[in-house]
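Worksheet: one structure, shown below.
Counting begins at 1 with the first residue of the sequence.
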Amino acid sequence: MDTKYTALTSELYHYLVDHGTPRESVLTELAQETAELGPLSLMQISPEQGALMTLLVRAIGARSAVEVGTFTGYSAICIARGLAPGGRLLCCDVSDQWTSIARRYWARAGLADRIELRLAPALETLRALPVAQTIDFAFVDADKLAYRAYYEEILQRLRPNGLILFDNVLWMGQVTDPHDTSEDTTAMRALNDLLAADPQVQTVMLPVSDGLTIVRKRATDE
C-alpha cells in the first residue's frame, strides 16, 4: 500500500506558503533581486524551507552554525535569525560576486555581526576548524560531488543531537531515474543511501522544495 500523501499542486503550494509565519520584508526583497539573476536564481532556497530552518535552529537552541554554499544569502539570514543570543554563523563560499549581494542584505537585516563569511573552498575551511563537537547546526547546499566529504567533516564536529540539513536530495526527481548516471545524480544517490544506513545518525527526508534531509547526530548512550 502506498504511503499516504497529497500531491502538491501550484494552488496548494501557495496555500502552504501563505499559512506559515509571514517572511520579513528583507527576505522578500532579497528573493526579488535574486530572481533577476535569471536561471541562477534556482539556487536560492524556497520560502517554506527558510522558515523551517529558522524554526529548527531556534528549537534546538543553536549557538554555532555552519553553512556550506551561501549564494545571495537568503538561507544565511534564515539560519542567523534563529540563533540563540551570542550565536554565530560561519558561511563557506567561493563567489565574491554572489556573496556581495548577501553581505548587503545581512547588513539590512541587522545580522552582519552574527555572520562570518570565508571565501575559500569549503573543505579547506571545514578542515581548519577545531576537531571538537562545537557545531550545533549545519546546512549544506553546494557542489553535489563533495556532499559526502562535507558530511564527514561536519559530523565529527557536530554535538550530539545537533542537526545537519542537506538540500537537493531529490535532485529534481532524478535520484529515482535509473537512466540518469550523471556524476551529480550518482553522488546524490550515494549520499542518500549513506545517510539512511549510518548508525551514527537519525535521518528523515522531506519533500520540501527539491528535497531536504534532516540529520540528527545520535547521543553516545542511544
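Atoms OG1 and CD1, on Thr72 and Ile101 in that order, are 6.0 Å from each other to the nearest 0.5 Å. Between Gln156 atom CD and Ile135 atom CD1 the span is 9.0 Å, to the nearest 0.5 Å. For the atom pair CD1 (Ile77) and CZ (Arg108), the distance works out to 9.0 Å, reported to the nearest 0.5 Å. In this structure, Ser209 OG and Asn168 CG are separated by 7.5 Å, a value rounded to the nearest 0.5 Å. Expressed to the nearest 0.5 Å, how far CG of Leu16 lies from CG of Leu8 amounts to 6.5 Å. Atom-to-atom distance recorded for Leu37:CG and Leu42:CG is 11.0 Å, nearest 0.5 angstrom.
Nearest heavy-atom pair, Ala31 versus Arg23, reported as atom, atom and distance to 0.1 Å: CB-NH1, 3.9 Å. The heavy-atom pair separating Leu119 from Val94 by the smallest distance is CD2-C, 4.1 Å. Nearest heavy-atom pair, Ser75 versus Gly69, reported as atom, atom and distance to 0.1 Å: OG-O, 4.5 Å. Residues Ala196 and Thr203 come closest through the heavy atom pair CA-OG1, 4.2 Å. Contact between Ala138 and Ile154 at its shortest, heavy atoms only, is CB-CG2, 3.7 Å. The minimum heavy-atom distance between Ala122 and Cys92, with the atom names listed, is CB-CB, 3.9 Å.
Ile164 and Leu191 fall within the same hydrophobic cluster, where Ile, Leu, Val, Met, Phe, Trp and Tyr residues are linked whenever their side-chain heavy atoms come under 4.5 Å apart, directly or through other members. In the hydrophobic clustering of ILVMFWY residues, with side-chain heavy atoms under 4.5 Å counting as a link, Ile214 and Ile79 come out together. Val66 is not connected to Leu52 by any chain of hydrophobic side-chain contacts under 4.5 Å among Ile, Leu, Val, Met, Phe, Trp and Tyr, and they are in different clusters. Follow the hydrophobic side-chain contacts under 4.5 Å out from Leu83 and you reach Tyr74 in the same cluster. One hydrophobic cluster holds both Val169 and Val140 under the rule that ILVMFWY side chains link at heavy-atom gaps under 4.5 Å.
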Test side-chain contact (heavy atoms from CB on, under 4.5 Å) applied to Glu24 and Arg81, step by step: CA-CA 11 Å; Glu24 56 188 298; Arg81 186 66 80 201; 2.7 Å; yes

Go through the steps for Thr213 and Leu195 under the test side-chain contact (heavy atoms from CB on, under 4.5 Å), then give the verdict. CA-CA 9 Å; Thr213 291; Leu195 296 179; 3.9 Å; yes

Under the side chain to side chain donor-acceptor pair (under 3.5 Å) criterion, do Ser46 and Glu48 qualify, and how do the steps go? CA-CA 6 Å; Ser46 62; Glu48 73 278 13; 3.2 Å; yes

Would you check, one step at a time, whether the test side-chain contact (heavy atoms from CB on, under 4.5 Å) holds for Gln202 with Val215? CA-CA 6 Å; Gln202 177 187 18; Val215 176; over 6 Å; no

Could you check Gln133 against Lys217 for side-chain contact (heavy atoms from CB on, under 4.5 Å), going step by step and ending with a plain yes or no? CA-CA 11 Å; Gln133 296 179 345; Lys217 185 175 183 179; 3.1 Å; yes

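Put simply, the side chain of Leu129 does not reach to within 4.5 Å of the side chain of Thr134, judged on heavy atoms. By the 4.5 Å heavy-atom criterion applied to side chains, Val204 and Leu206 are counted as neighbours. Taking the side chain as every heavy atom from C-beta outward, Phe71 and Ile45 never approach each other to under 4.5 Å. Residues Cys78 and Leu27 meet the side-chain proximity criterion, which asks for heavy atoms closer than 4.5 Å. Between Thr220 and Pro160 there is no side-chain heavy-atom pair separated by less than 4.5 Å. Using a 4.5 Å cut-off on side-chain heavy atoms (C-beta onward), Glu29 and Tyr105 make contact.
Sorted by first and then second residue, the pairs that involve residues 113-165 and meet ring pair (Phe, Tyr, Trp, His ring centres under 6.0 Å), not counting sequence neighbours, are Tyr147-Phe166, Tyr151-Phe166.
A donor-acceptor pair under 3.5 Å is formed between the side chain of Thr34 and the backbone N or O of Leu30. A side-chain donor-acceptor contact under 3.5 Å links Asn192 to the backbone of Met188. Not a single donor-acceptor pair under 3.5 Å links the side chain of Asp136 to the backbone N or O of Arg159. Judged purely by atom type and a 3.5 angstrom limit, Thr99 uses its side chain to pair as donor or acceptor with the backbone of Ser95. Counting only distance, with no hydrogens or angles, the side chain of Arg114 and the backbone of Ala80 share a donor-acceptor pair below 3.5 Å. Looking only at distances, no side-chain donor or acceptor of Asp180 sits under 3.5 Å from a matching main-chain atom of Val175. Thr176 contributes a side-chain N or O that, together with a main-chain N or O of Gly173, makes up a donor-acceptor pair within less than 3.5 Å. Side-chain atoms of Asp210 come within 3.5 Å of backbone N or O of Met172 as a donor-acceptor pair. Without hydrogens or angle criteria, Thr54 side chain to Gly50 main chain gives a donor-acceptor distance under 3.5 Å. Remark: side-chain polar atoms of Arg218 are paired, donor with acceptor, to backbone N or O of Val201 under 3.5 angstrom.
Donor-acceptor pairing under 3.5 Å is recorded for the side chains of Thr70 and Glu67. In summary, the side chains of Thr28 and Ser25 do not present any donor paired with an acceptor at a separation below 3.5 Å, with no hydrogens or angles considered. One side chain, Asp167 or Gln49, offers a donor N or O that lies under 3.5 Å from an acceptor on the other.
Scanning for salt bridge (Lys or Arg N to Asp or Glu O under 4.0 Å) contacts around Asp141 gives Lys144, with sequence neighbours left out.
Electrostatic pairing of Arg127 and Glu152 does not count as a salt bridge here, judged by no charged N lying under 4.0 Å from a carboxylate O. For Glu33 and Arg104, the salt-bridge test passes: some basic side-chain N is under 4.0 Å from an acidic carboxylate O. A salt bridge is defined here as a Lys NZ or Arg NE, NH1 or NH2 lying under 4.0 Å from an Asp or Glu carboxylate O, and Arg103 with Asp96 meets this definition.
Under a cut-off of 6.0 angstrom, the local environment of CD in Glu222 is crowded, with over 12 non-hydrogen atoms contributed by other residues, nucleotides or ligands. The local environment of OH in Tyr13 is crowded, with over 12 non-hydrogen atoms from other residues, nucleotides or ligands closer than 6.0 Å.
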